[in-house]
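My questions will all concern the structure given below.
Everything quoted here is computed from the prediction, not taken from an experiment. Because only heavy atoms are used, hydrogens play no part in the values below, and waters and symmetry mates are left out as well, while side chains stay in. Lettering of chains follows the sequences in order, A, B, ..., and the numbering in each one begins at 1.
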Protein chains: 2
Amino acid sequence: MTSEYSAQPQPQLAEQAPARERIVQQLHLHGLKPTHQRVRVAEILMAAPTHMTAEQILAEIRRGGERVSKATVYNTLKVLAQRGLVRQIHLDPERSVYDSTIAPHHHFHDLETGEFQDIDPNDIAFSRFPTLPEGMEAEAIEVVIRLRRKRPATESA
Amino acid sequence: MTSEYSAQPQPQLAEQAPARERIVQQLHLHGLKPTHQRVRVAEILMAAPTHMTAEQILAEIRRGGERVSKATVYNTLKVLAQRGLVRQIHLDPERSVYDSTIAPHHHFHDLETGEFQDIDPNDIAFSRFPTLPEGMEAEAIEVVIRLRRKRPATESA
DNA sequence: TTGAATGCAAACGCTTTGCACTCGG
DNA sequence: CCGAGTGCAAAGCGTTTGCATTCAA
């Protein structure tokens with residue numbers, strides 16, 4: 001039950017194992033000092049395509065007995081998002097969710113668990129699309145499909 | 001520069017003038033005691049298709065010199081949304097926005113002003129759509145087009 | 001060494017809640 | 001009249017900020 005799946009449009013990464021080193025490199029490349037805390041945050045979020053809240057990441061780090069402050073997690077996530085290493089999404093009413101997949105894509109939103117799941121951008125195409133307001137361009141097109149458990153209906157035919 | 005436009009799929013309302021009375025009736029029909037404050041909130045939000053935050057509605061009521069508490073505006077909006085008279089949308093990172101159009105539709109989101117604008121559901125159609133997860137059904141399909149002012153690019157051709 | 005990053009707690013902005021007072025039917 | 005609704009202020013929750021301390025280079 002690993003959470004590895006590789007359907008996302010990512011450049012084929014090298015191996016997964018020396019993840020920490022790749023993270024350190026990426027942070028460097030983006031002008032960020034790879035401190036212990038930053039590496040941990042990035043590592044947890046970017047290990048596989050997922051959607052996590054700041055609190056979840058905080059909990060995950062502390063679960064391993066390591067020290068981090070809430071502020072650092074929030075600040076780190078903000079910086080990672082600013083530098084384009086992760087993406088902050090605003091589809092949850094209560095909190096920000098960070099998405100490790102930065103390429104454009106869409107989401108299923110399970111209304112019962114609150115969880116998000118990626119939809120491959122190739123699985124959605126438009127046959128009709130609105131004219132954009134004068135002088136504007138689309139920075140992003142986001143489709144959210146809010147899901148509910150099908151009510152155990154009467155099976156007719 | 002009135003904000004009236006009627007492209008929305010609403011049942012053709014009677015006149016617009018005796019709005020207050022219609023509001024009072026609607027509140028009654030939904031089991032809500034039509035107090036002065038509730039009528040004002042509903043009136044402001046439901047006068048025309050718009051998107052407003054609780055603070056904007058509060059300000060609008062007070063602008064007319066009337067008394068309302070912030071709590072009442074929030075509570076009223078919550079109740080109106082629960083009863084299906086308005087719709088609460090969660091596409092803005094900082095706050096809830098209330099939408100007077102309850103029929104399913106989509107949104108333009110102006111990233112510079114933060115404003116939302118409705119997209120007629122007929123202006124969007126899918127030619128490819130993902131399979132929903134087993135046992136789930138789509139409660140809503142929301143498309144958000146995040147807009148940015150086109151940068152005054154070089155006019156080629 | 002030394003500026004950048006961290007930790008802690010206080011501050012913040014939006015929203016909800018507790019409780020006494022008031023109002024609508 | 002009497003319970004539903006209101007107002008106010010305090011509490012809650014997610015997130016940010018100020019400042020002294022610590023750390024990576």
Side-chain angles (χ1 to χ4, degrees), chain A residues 20-21 23-45 51-62 64-83 85-86 88-98 114, chain B residues 20-21 23-45 51-59 61-62 65-83 85-86 88-98 114:
Chain A
R20 181 141 346 177
E21 252 172 60
I23 299 281
V24 169
Q25 274 182 44
Q26 282 199 61
L27 291 175
H28 260 136
L29 287 174
H30 289 264
L32 297 176
K33 194 181 288 187
T35 63
H36 185 195
Q37 289 84 343
R38 282 180 176 171
V39 173
R40 291 299 290 128
V41 169
E43 206 173 15
I44 288 170
L45 183 56
H51 305 87
M52 301 182 78
T53 63
E55 293 291 346
Q56 289 173 329
I57 293 171
L58 179 66
E60 181 62 22
I61 295 178
R62 289 187 171 164
E66 294 167 88
R67 295 174 66 262
V68 218
S69 69
K70 187 179 284 202
T72 295
V73 172
Y74 275 100
N75 292 336
T76 298
L77 287 169
K78 197 204 280 194
V79 171
L80 292 179
Q82 281 169 353
R83 305 303 171 88
L85 287 163
V86 302
Q88 188 177 14
I89 61 182
H90 303 294
L91 304 173
D92 185 307
E94 339 255 51
R95 62 190 69 65
S96 271
V97 171
Y98 290 85
Chain B
R20 180 141 347 179
E21 251 172 61
I23 299 283
V24 170
Q25 274 182 44
Q26 282 199 61
L27 292 175
H28 260 137
L29 287 174
H30 290 265
L32 297 176
K33 196 180 288 186
T35 63
H36 185 193
Q37 289 85 341
R38 284 179 175 173
V39 173
R40 291 298 289 127
V41 169
E43 205 173 18
I44 288 170
L45 184 54
H51 304 86
M52 299 182 80
T53 64
E55 292 291 346
Q56 289 173 330
I57 292 171
L58 180 66
I61 296 179
R62 289 187 171 165
E66 295 166 86
R67 295 173 69 262
V68 220
S69 69
K70 188 179 284 201
T72 295
V73 172
Y74 274 99
N75 292 335
T76 298
L77 287 170
K78 196 205 279 193
V79 171
L80 292 180
Q82 281 169 352
R83 306 303 172 89
L85 287 163
V86 302
Q88 187 176 15
I89 60 181
H90 305 295
L91 305 174
D92 185 307
E94 339 255 52
R95 62 191 68 65
S96 272
V97 171
Y98 290 86

Checklist line | Any residue meeting side chain to side chain donor-acceptor pair (under 3.5 Å) with A:H36, in chain and number order, not counting sequence neighbours | finding: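 With sequence neighbours excluded, A:H36 shows a side chain to side chain donor-acceptor pair (under 3.5 Å) to A:E66, given in chain and number order.
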
Report each atom pair, protein N/O against N/O of nucleotides 10-17 of chain C, whose distance is under 3.5 angstrom.
| from | atom 1 | to | atom 2 | distance (Å) |
| --- | --- | --- | --- | --- |
| C:dT15 | OP1 | B:S96 | N | 2.8 |
| C:dT15 | OP2 | B:Y74 | OH | 2.5 |

Check: Got a sec, which pairs hit salt bridge (Lys or Arg N to Asp or Glu O under 4.0 Å) with one end in residues 67-76 of chain A, sequence neighbours left out?
Finding: A:E55-A:K70

Donor-acceptor list for residues 72-82 of chain B side chains, cut-off 3.5 Å, not counting sequence neighbours:
| from | atom 1 | to | atom 2 | distance (Å) |
| --- | --- | --- | --- | --- |
| B:T72 | OG1 | B:S69 | OG | 2.9 |
| B:N75 | ND2 | B:A71 | O | 3.2 |
| B:T76 | OG1 | B:T72 | O | 2.7 |

Under-3.5 Å N/O pairs linking protein and nucleotides 22-25 of chain C:
none

Margin query: With each end axis built from five pairs of C1' atoms, what bend angle do you get for the helix from C:dT1-D:dA25 to C:dG25-D:dC1? Round to 10°.
Written below: 30°

Note to self: Among residues at least two apart in sequence or on other chains, which ones pass side chain to side chain donor-acceptor pair (under 3.5 Å) with A:Q37?
What the structure shows: none

Margin query: Of all nucleotides in DNA chain D that come within under 4.0 Å of a heavy atom of chain A, which is furthest toward the 5' end and which toward the 3' end?
Written below: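 Range of nucleotides touched by chain A: D:dG14 to D:dA25.
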
Hey, can you pull the donor-acceptor pairs under 3.5 Å for the side chains in residues 89-97 of chain B, sequence neighbours left out?
| from | atom 1 | to | atom 2 | distance (Å) |
| --- | --- | --- | --- | --- |
| B:D92 | OD1 | B:E94 | N | 2.8 |
| B:S96 | OG | B:Q88 | NE2 | 2.9 |

Next item on the list: List for me each residue that meets salt bridge (charged side-chain N to carboxylate O under 4.0 Å, His left out) alongside A:E43, sequence neighbours excluded, and say none if there are none.
Entry: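 Checked A:E43 against salt bridge (charged side-chain N to carboxylate O under 4.0 Å, His left out); matches are A:R20, A:R40.
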
Check: Residues two or more places apart in sequence or in another chain: which of them pass side chain to side chain donor-acceptor pair (under 3.5 Å) with B:Q26?
Finding: none

Check: Hey, are the side chains of A:L85 and A:L45 touching, using non-hydrogen atoms and a 4.5 Å cut-off?
Finding: no

